[in-house]
Amino acid sequence: MTLDLLAGLNAAQQKAVEALEGPILILAGPGSGKTRVITHRIAYLVRVWNVGPRRIMAVTFTNKAAAEMKERLSRMLGKMVEQLTVGTFHACCARFLRIDGPAIGIDRNFVIYDDDDQLRLVKKAIEELGLDPQKVTPRAVISGISAAKSQLLTPEACARQGHSYFDEIVKRVYERYQEMLANSHALDFDDLLMTTVRLFQQKPEILEKYQNRYLHLLVDEFQDTNIAQYVLAKQLSGKHKNICVVGDPDQSIYSWRHADIRNILNFEKDFPQAQVFYLEQNYRSTGTILEAATSIISHNQQRKPKELWTQNEKGSPIVVAEVADEWEEASQVVNEIDKLTRTKEVKLRDCAVMYRTNAQSRVLEETFMRYGTPYKLVGGTRFYERKEIKDIIAYLRLLHNPFDSVSLARIVNVPGRGIGHQSFNQFTAWAGQQGLSHYAALQRLAELNQQGAKSSLPVTSRAVAAFQKFFELLEGLIEVSRKSSVMELLGEVVARTGYKGYLFAEDDGEDRWENIQELQSSARDYEVLPPGEALGAFLEKVALVQDVDELDEKSDAVTLITLHKAKGLEYSVVFIIGLEEKLFPHIRSYEDPAQLEEERRLCYVGVTRAKKRLYLFHANQRILMGMRSSGEPSRFLDDIPAKLIAGDGQGGKPAAGRQEHKAALSSWKSEAPKTLLISVKAGDSVIHKVFGEGVVISCQPVTNDFEALVNFKGAGLKKLLLSLAPLKKLDNP
DNA sequence: CGAAAGGCTCTTTTT
DNA sequence: GAGCCTTTCG
């Protein structure tokens, strides 16, 4: 029973699992079995030390990581997993505040505003304060506010810290913004943390309740926590002092989100009695890849050196290749993957393509599609960010919390119901004069209208009628929300607003409608809860779980992912593309050496995702911000010893090395078949491996090939290269 | 009021 | 290149 929890762990890992009490710092290199240690440690606490699972709280960086941890733990603990508290700081805080927030005046039904809501509100605040939006960009202000909140600074405190004109602006907007949030009974992401800290400060008895409950606190990815999160962790573990933090300073890549690397670097100072464990054996990568990674990261000045090692074989050399532009880059990736997977020992799902910026995914996607190679894009336009989804969610949020002004403003005229900007602005001003929330003002307007008090109304009679109808719509839906499930409510919202018709007036209405249906079916999980609770729970999930984790682990497809999102994942074959100066490292990091070091850490994270093979691509030219520009190879390529690189080891830098690097790959140009296996003309019926049946719209010659435009039944219009697309002609049309 | 067009900016990473 | 905002016109 106890042995199997330690079996298969090395000495350092075992010690970290067995240590019982007091502060613990686990410094874990990439691929060192960090997640195993955490999960085994939790299981060990429960099974060997008999700590009740209710009394353990484990905090992860993402919801996905939390889900995975639970999954692993359920294998060791079975049903007891349900009793553990596992989640992100944000999710845990939201839970605390739902329960105990009212003690400091937080509405139990508060909404969580995401970045988009935040942006709208900050813009409005800037506008209200009469600041020039040209000079005061909302983005910069938001970042300033967020930085302040991450350090638990109130507007006054943040004004005391800085004295520049900009600091003063931030302070004033911050102040106004908080008022607006309060009026909407809303909290933003940073507020979840900051308000919980405040709750614990102002109500020690509530803090004590949680301190008594949680005997053990574990924090993963500790290098990416901010001050607020660290303070929170200290508060929660303040009584028992059983705080176990796990992280790797070399993988700290979120300082832009105000993560503070000092949290992990100074942990030992904060807790002098802390036990420290080092996990330095790497089980993931080949010797070559690990050596390259070690070499890259060693170029950072601001770091504690550490000794990573592995017993794994040396493996293949790293391939560094120069390509002409982003299109050739993508083709080379696909071709190489094609070559590797032909042997069957590598599957598509073992391959990942990683890049610095999301914008780079577009060309990849188009190329993968054109070649018919299955792929999955991680974190493109996220599901909950789609307009149609946000619209429907806005309705639900408003029904749940009528104070939510951002949601109301969003949907007041969606679908169009004759309430234009003019009317809405006048209405808003009128509401403000009377100190009414939007919703209360709607109610008042309806009353006055019925009393025939025309003169006291702020808008035209046509608009009044529209507002009245809108109010009645909401009233009716609130009624529905009281007694129906989320699924039914959603259906009613769509039906009564005429949203479907609104969608289908657009070209891509069909797809968007499917998204709505997907949203509706995702609400099915909440059927089990009573109507009073289900809506709140559903909205909470929507706010905090930004990506719908399609756990499509079964599907065999190449992963396309940003380097940031790749943290914590591993693949047999990794392609890192766009290794060029100004892109990676990103130009915005140039002015600050600390930021450049963070870029290098990001590179380190990417490289250490690879188990067997690593490909590093840089393009001679690429289109950046709509402009074609030429790029020098990234400085990170110079950080890799030549002996680890395939070919002549020049890092693809001078033209001399170029041919050989190309030879290491299968050049797509030479491999393209000279004779086409298929020819088609407009009107032909065809079938595609991925897209299914379709009809050829047109077919025209392009360089060395033909490009067909095909309308697929399922997938719509696609452009395909005949030489590459897995296409067959159907005989009978 | 609403749709369409043109001009503008900004392009990093996300709980 | 794309999305956002403003302007313009019906």
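To find a chain, count down the sequence lines: A is the first, B the second, and so on, and within it residues start at 1.
Between the CZ atom of A:R139 and the P atom of B:dC10 there is a distance of 10 Å, given to the nearest Å. In this structure, A:I419 places its CD1 atom 11 Å from C1' of B:dC1, rounding to the nearest Å. Here C:dC4 presents its P atom at 13 Å from NE2 of A:H421, a figure rounded to the nearest Å. If you take CG of A:L583 and P of B:dC10, they are 20 Å apart, rounded to a whole angstrom. What separates CZ of A:R417 from P of B:dA3 is a distance of 13 Å, to the nearest Å. Straight-line distance from the CG atom of A:L119 to the P atom of B:dC10: 13 Å, rounded to whole Å. Distance CG (A:D116) to P (B:dT14): 16 Å, rounded to an integer number of Å. Atom-to-atom, OH of A:Y230 to P of B:dT15 comes out at 24 Å; the value is rounded to the nearest Å.
With DNA chain C read from its 5' end, the first of the two nearest nucleotides for A:K387 and A:R362 is the one closest to A:R362. Between A:T62 and A:H586, it is A:H586 whose nearest contact on DNA chain B lies nearer the 5' terminus. In terms of position on DNA chain B, the residue among A:Q422 and A:A91 whose nearest nucleotide sits closer to the 5' end is A:Q422. Residue A:I623 is the one, among A:K123 and A:I623, whose nearest nucleotide of DNA chain C lies closer to the 5' end (criterion: closest heavy atom).
In terms of the ring pair (Phe, Tyr, Trp, His ring centres under 6.0 Å) criterion, residue partners of A:F584 (sequence neighbours excluded) are, by chain and number, A:F636.
Distance from the side chain of A:H564 is smallest to B:dT13 among B:dC1, B:dT13, B:dT15. Considering only side-chain atoms of A:D115, the nucleotide from B:dC1, B:dT15, B:dT11 that sits closest is B:dT15.
Remark: B:dT13 base-pairs with no nucleotide in the shown strands. Criterion, Watson-Crick or G-U wobble with two distances under 3.5 Å.
Phosphate proximity of B:dT13 to A:R588: absent, as no side-chain N or O sits under 4.0 Å from OP1 or OP2. At B:dT13, one or more side-chain N or O atoms of A:N358 fall inside 4.0 Å of OP1 or OP2 (strictly under the cut-off).
In this structure, the side chains of A:L445 and A:W430 come closer than 4.5 Å at one or more pairs of heavy atoms.
Under the 3.5 Å distance criterion, with hydrogens and angles disregarded, no donor-acceptor pair is assigned to the side chains of A:Y604 and A:Q251. Under the 3.5 Å distance criterion, with hydrogens and angles disregarded, no donor-acceptor pair is assigned to the side chains of A:D260 and A:Y230.
Looking at heavy-atom distances under 4.0 Å, A:Y254 makes contact with sugar-phosphate atoms alone, never a base. A:N413 comes within contact range of the sugar-phosphate backbone alone, with a heavy-atom separation under 4.0 Å but no base atom that close.
Taking the ring axis of A:Y590 as reference, the NZ or CZ atom of A:R635 stays within 45° of it and closer than 6.0 Å to the ring centre.
With centres under 5.5 Å and a plane angle under 30° as the test, the ring of A:F61 is not stacked against the base of B:dT15.
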